[in-house]
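Model, not experiment: these values are computed from the prediction. In this chain, residues are counted from 1 in sequence order. For ligands, and for the atoms within them, numbers begin at 1 and follow the listed sequence.
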Amino acid sequence: MNQFPPLQTSKRILMGPGPSDAHPRVLQALATPLIGHLDPEFVGLMDEIKQMVQLTFQTQNPLTFVVSAPGTAGMETCLVNLLEPGDEALICIHGVFGGRMADIAERCGAKVTKVEAPWGESIDPQQVKAALENINPKLIAIVHAETSTGVLQPLEEISQMAKDAGALLVVDAVTSYCGTEVKVDEWGIDAIYTGTQKCLSAPPGLSPVSFSEKAVEAMDRRKTKVQSWFLDLTLVKNYWSGQKRAYHHTAPVSAMYGLREAYRVVLEEGLEARFARHHENHLYLKEQLEALGFEFLVKEAFRLPMLNTVKIPDGIDDATTRSRLLNEFNIEIGGGLGKFAGKVWRIGLMGESCTRTHVNQLIAALKQIM
Ligand SMILES: *Cc1c(COP(=O)(O)O)cnc(C)c1O
């Protein structure tokens, strides 16, 4: 007798802000027998994964690898390695995740200047320009796809401003990555992090990152040790690159199997085709939701295809409807975060969860409930 029954989960349809549905091939790869994390076969697998990260970030950066922890650890990796006490940082905030970056930067001892936009809007590059008249930051950090609001932040103008100001550009691409264009080299991004559980459709718990030569030089000029041992790149990078692979921590071997297979799925589809699929299914969802009377929160030009934020219509109870979707239809969608709690829904169309069938299932369920 065992008081704990065998693990069994419901067959959920994941249409929230992540994790998204995983491809069956990814789930199968997770069950591959373990090998040692310094086994030459595993080292080869790390090299392949590194190339896959470079391809999907559209970068040649040699310092490109996967942090063995979720997206937030990628965020923290970028900031703790680039900021020292007393450095100036300009952090753009247009939702929860920009706020999290500012909090981390402050904990690094940086002097943080915040440029804020109302939730549901993007940062106006002119605000950044105005802020740069008063400060000379070491870095500018910004969220590309703000999952708390559904806003896609244009980056090119702000990237140019960072370059002109001699500041590094740090970008959160957790939700945009593998669902819409993210061009690290062409857009002049110096440090970028993402997650695996959104449009890449791998299990959560890993964070691909990449650093430009300029970012590496800034790290080489540090006068103080990075305050985090685990995330200190001077230590981690010997685990991920170079001839001598030194033990740093034990890589999450099974999760890396799943990640590798998720990348194979992405590269087989092709990035452009994948972005087009996200865009088309977003338009289809929009048409269907608008026919039911839903309104989008974000102006059309700034909407994320993979994270659709709609206002909850009057007369519909947030918690009851979402729990009916989950319990009766096995569909998960996201509620509002922070100041949007109870006011909006966040409907994800990420990676494997971005299909016409997913949209049809959600719309049919909503019609029955409403
Ligand atoms: C999900 C998300 C994160 C955090 O990722 P975790 O894997 O939950 O730590 C950071 N930024 C954005 C924009 C996200 O959507």
Worksheet item: Counting only N and O atoms by type, is there a donor-acceptor contact under 3.5 Å from the side chain of H248 to the main-chain atoms of L235?
Response: no

Worksheet item: Who's the nearest protein heavy-atom neighbour of atom 10 (C) of ligand 1, and how far?
Response: F97 CD2, 3.3 Å

Worksheet item: Who's the nearest protein heavy-atom neighbour of atom 2 (C) of ligand 1, and how far?
Response: K198 NZ, 2.7 Å

Worksheet item: Between CG of N360 and CD of Q288, what distance do you get to the nearest 0.5 Å?
Response: 6.5 Å

Practice prompt. Distance to 0.1 Å, residue and atom name: give those for the protein heavy atom nearest to atom 6 (P) of ligand 1.
Written response: G71 N, 3.5 Å

Item to complete: Looking only at protein heavy atoms, identify the closest one to atom 15 (O) of ligand 1 and say how far it is in Å.
Response: T147 OG1, 2.3 Å

Fill in: Nearest non-hydrogen protein atom, atom 4 (C) of ligand 1
T72 OG1, 3.5 Å

Discussion item. Angle between ring planes, W240 versus F65, binned at 30° and 60°: parallel, tilted or perpendicular?
Written reply: tilted

Fill in: Which of the ligand 1 atoms, numbered from 1, are nearer than 4.0 Å to a heavy atom of Q197
6 (P), 7 (O), 8 (O)

Worksheet item: Would R356 and N281 count as a side chain to side chain contact (heavy atoms under 4.5 Å, CB included) if you check the C-alpha gap in whole Å, the side-chain angles of each, and the deciding distance to 0.1 Å?
Response: CA-CA 6 Å; R356 229 178 145 85; N281 287 315; 4.1 Å; yes

Response to the item:
shortest atom 11 (N) of ligand 1-to-protein heavy-atom contact is with D172 OD2, 2.6 Å

Worksheet item: In terms of atom number and element, which parts of ligand 1 are under 4.0 angstrom from non-hydrogen atoms of A145?
Response: 13 (C)

Worksheet, complete the sentence: Test side-chain contact (heavy atoms from CB on, under 4.5 Å), reference R264, set E48, M52, H23, output is M52

Discussion item. Hydrophobic cluster membership, with links at side-chain heavy-atom distances under 4.5 Å among I/L/V/M/F/W/Y: are M75 and V80 in one?
Written reply: yes

Practice prompt. Go through ligand 1 atom by atom and flag the ones less than 4.0 Å from a non-hydrogen atom of T175.
Written response: 15 (O)

Practice prompt. Give the intermediate values and the outcome of salt bridge (Lys or Arg N to Asp or Glu O under 4.0 Å) for residues K223 and E84.
Written response: CA-CA 8 Å; K223 295 188 186 71; E84 289 185 83; 5.6 Å; no

Practice prompt. Check each atom of ligand 1 against the heavy atoms of P70 and keep those under 4.0 Å away; list them by number with element.
Written response: 6 (P), 7 (O), 9 (O)

